[in-house]
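To find a chain, count down the sequence lines: A is the first, B the second, and so on, and within it residues start at 1. Side chains included, hydrogens not; waters and symmetry mates left out as well; all remaining heavy atoms used.
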Amino acid sequence: MADKIIVFIDLEATGLDTSQCDIIQLAAVCEEKVFNKFAVPHQHMTDSAKEVTGFRVRSGRLFRRGSLVETVPIVDLLTSFIDFLRSFRDPVVLAAHSVMRFDAPVLTRVMKKHHLFPQFQEVVSGFLDTFLLSKRLFPNIRGYSQVSLVSNFLGKSYDAHNAEEDAKMLQELYKVWRPDESKVVANTFKVNEKYFY
DNA sequence: TGCCAGGCCCTCTTTAGGGCCTT
């Protein structure tokens, strides 16, 4: 585990229902390497997702806080993400905040839907849940949301719910935490489609 | 138009309820 490459990811979606939401933005960060792409969702966004993410779809185009966003078809987003992950020397660990609750089920379902799960499985060895990890590392702090953790450990606020910024902040947090390998392993989970559906 | 999740964890628990965390 110590030599595993960890790629920090975040995704924005049309809602919180992992069984049906669409991906709007997917970002990944590993050191200086950055992946960040957007897709126009086909599902309606929930009101809370609109409010939280700032995304809107008008006339088949994606806007964030009023600005037009460049998008790609969802299949292109997924295949280019797999290509990005394939650029690392070994299968990587994908780390995200509450990854087991949200990002992993969504990614797994959408990859399967587009018949890309076998390729995804080739380049990803596991999921590291930084929410669960932070609770184990710091059992007595007040809140474990990513915004709270960034405020507490990095002393700053940021553009939360922009997936690229979220992924970058998560990488910064991890570098400050320097978690023991045992705790990282305890909060890393295998990639398995049967975990979710 | 109105619909809007769910598994884990904690405790004032276990014959359960509520808050957290992700969008």
Side-chain angles (χ1 to χ4, degrees), chain A residues 6-29 36-57 62-65 69 71 74 77-78 81 93-113 124 126-154 157-174 177 179 183 186-197:
Chain A
I6 300 177
V7 175
F8 297 87
I9 66 165
D10 187 46
L11 63 83
E12 307 300 325
T14 53
L16 287 170
D17 186 347
T18 57
S19 70
Q20 61 172 333
C21 67
D22 277 352
I23 293 172
I24 298 175
Q25 181 185 14
L26 177 60
V29 173
N36 184 29
K37 288 192 184 299
F38 302 83
V40 177
H42 297 291
Q43 297 276 337
H44 284 289
M45 295 187 70
T46 63
D47 287 343
S48 62
K50 287 178 186 171
E51 185 177 332
V52 162
T53 66
F55 287 116
R56 297 284 192 286
V57 177
L62 182 68
F63 295 81
R64 186 172 193 254
R65 308 207 190 290
V69 176
T71 59
I74 185 65
L77 181 152
L78 296 173
F81 180 55
V93 171
L94 295 183
H97 214 54
S98 285
V99 71
M100 298 311 288
R101 172 107 312 277
F102 188 73
D103 306 72
V106 173
L107 265 180
T108 300
R109 174 177 55 80
V110 176
M111 287 289 179
K112 284 175 66 180
K113 178 181 176 184
V124 179
F127 294 111
L128 168 58
D129 194 316
T130 56
F131 167 66
L132 300 175
L133 176 65
S134 66
K135 290 178 80 170
R136 291 289 172 272
L137 290 174
F138 314 106
N140 297 314
I141 62 176
R142 178 168 291 196
Y144 298 91
S145 71
Q146 189 169 324
V147 169
S148 296
L149 294 169
V150 168
S151 174
N152 289 341
F153 286 92
L154 304 178
S157 57
Y158 70 104
D159 187 14
H161 291 294
N162 176 342
E164 183 177 338
E165 287 305 305
D166 276 324
K168 285 179 176 174
M169 284 301 121
L170 204 55
Q171 178 171 252
E172 282 196 40
L173 278 174
Y174 192 85
W177 290 346
K183 289 195 172 68
N187 292 286
T188 300
F189 305 87
K190 290 180 181 175
V191 180
N192 186 338
E193 60 181 309
K194 292 176 183 173
Y195 282 0
F196 309 114
Y197 298 99

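Classified by interplanar angle (parallel below 30°, tilted 30° to 60°, perpendicular above 60°), the ring pair A:Trp177/A:Phe153 is perpendicular.
Atom CG in A:Leu26 sits roughly 17 Å away from atom P in B:dT22 (whole-Å rounding). One atom, CG of A:Asn162, and another, P of B:dT23, lie 11 Å apart when rounded to the nearest Å. Residue A:Gln25 contributes atom CD, which lies 12 Å from atom C1' of B:dT23 at whole-angstrom precision. Between the CZ atom of A:Arg142 and the P atom of B:dC20 there is a distance of 11 Å, given to the nearest Å. Atom CZ in A:Arg109 sits about 12 Å away from atom C1' in B:dT23, given to the nearest Å. Regarding A:Leu170, its CG atom lies at a distance of 14 Å from the P atom of B:dC21, rounded to whole Å.
Proximity of a side-chain donor or acceptor of A:Arg109 to a complementary backbone N or O of A:Cys21 within less than 3.5 Å is detected. In this structure a side-chain-to-backbone donor-acceptor pair under 3.5 Å is present from A:Asp22 to A:Gln43. Looking at A:His97, its side chain does come within 3.5 Å of a backbone N or O of A:Tyr144 through a donor-acceptor pair. A:Asp166 contributes a side-chain N or O that, together with a main-chain N or O of A:His161, makes up a donor-acceptor pair within less than 3.5 Å.
Straight-line distance between the P atoms of B:dC3 and B:dC21: roughly 27 Å, to the nearest whole Å. Rounded to a whole angstrom, the distance from the P atom of B:dC20 to that of B:dT15 is 26 Å. Taking atom C1' in both B:dG19 and B:dC12, the straight-line distance is 15 Å, to the nearest Å. Look at the P atom in both B:dT13 and B:dG17: the space between them is 13 Å, to the nearest Å. Rounded to the nearest Å, the gap between the C1' atom of B:dC10 and that of B:dT14 is 13 Å. For B:dG6 and B:dT1, the P atoms lie 26 Å apart once the distance is rounded to whole Å.
Ion pairing of A:Lys168 with A:Glu164 is present here, as a side-chain N (NZ or NE/NH1/NH2) and a carboxylate O approach within less than 4.0 Å. Under 4.0 Å is where a charged nitrogen must lie from a carboxylate oxygen, and between A:Arg64 and A:Asp159 at least one such pair does.
OP1 or OP2 of B:dT23 lies within a sub-4.0 Å distance of a side-chain N or O belonging to A:His161.
Taking every heavy atom of residues 50-57 of chain A and every atom of DNA chain B, pairs under 4.0 Å involve A:Val52, A:Thr53, by number.
With hydrogens and angles left out, the side-chain atoms of A:Asp10 and A:Gln25 include no donor and acceptor closer than 3.5 Å.
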Each nucleotide of nucleotides 4-10 of chain B classed B (base within 4.0 Å of a protein heavy atom), S (only sugar-phosphate) or -, in 5' to 3' order, makes BBBS-S-
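The minimum heavy-atom distance linking A:Lys50 with A:Arg56 is given by the pair O-NH1, 3.1 Å.
Within 4.0 Å (heavy atoms only), A:Asp10 reaches sugar-phosphate atoms of the nucleic acid but no base atom.
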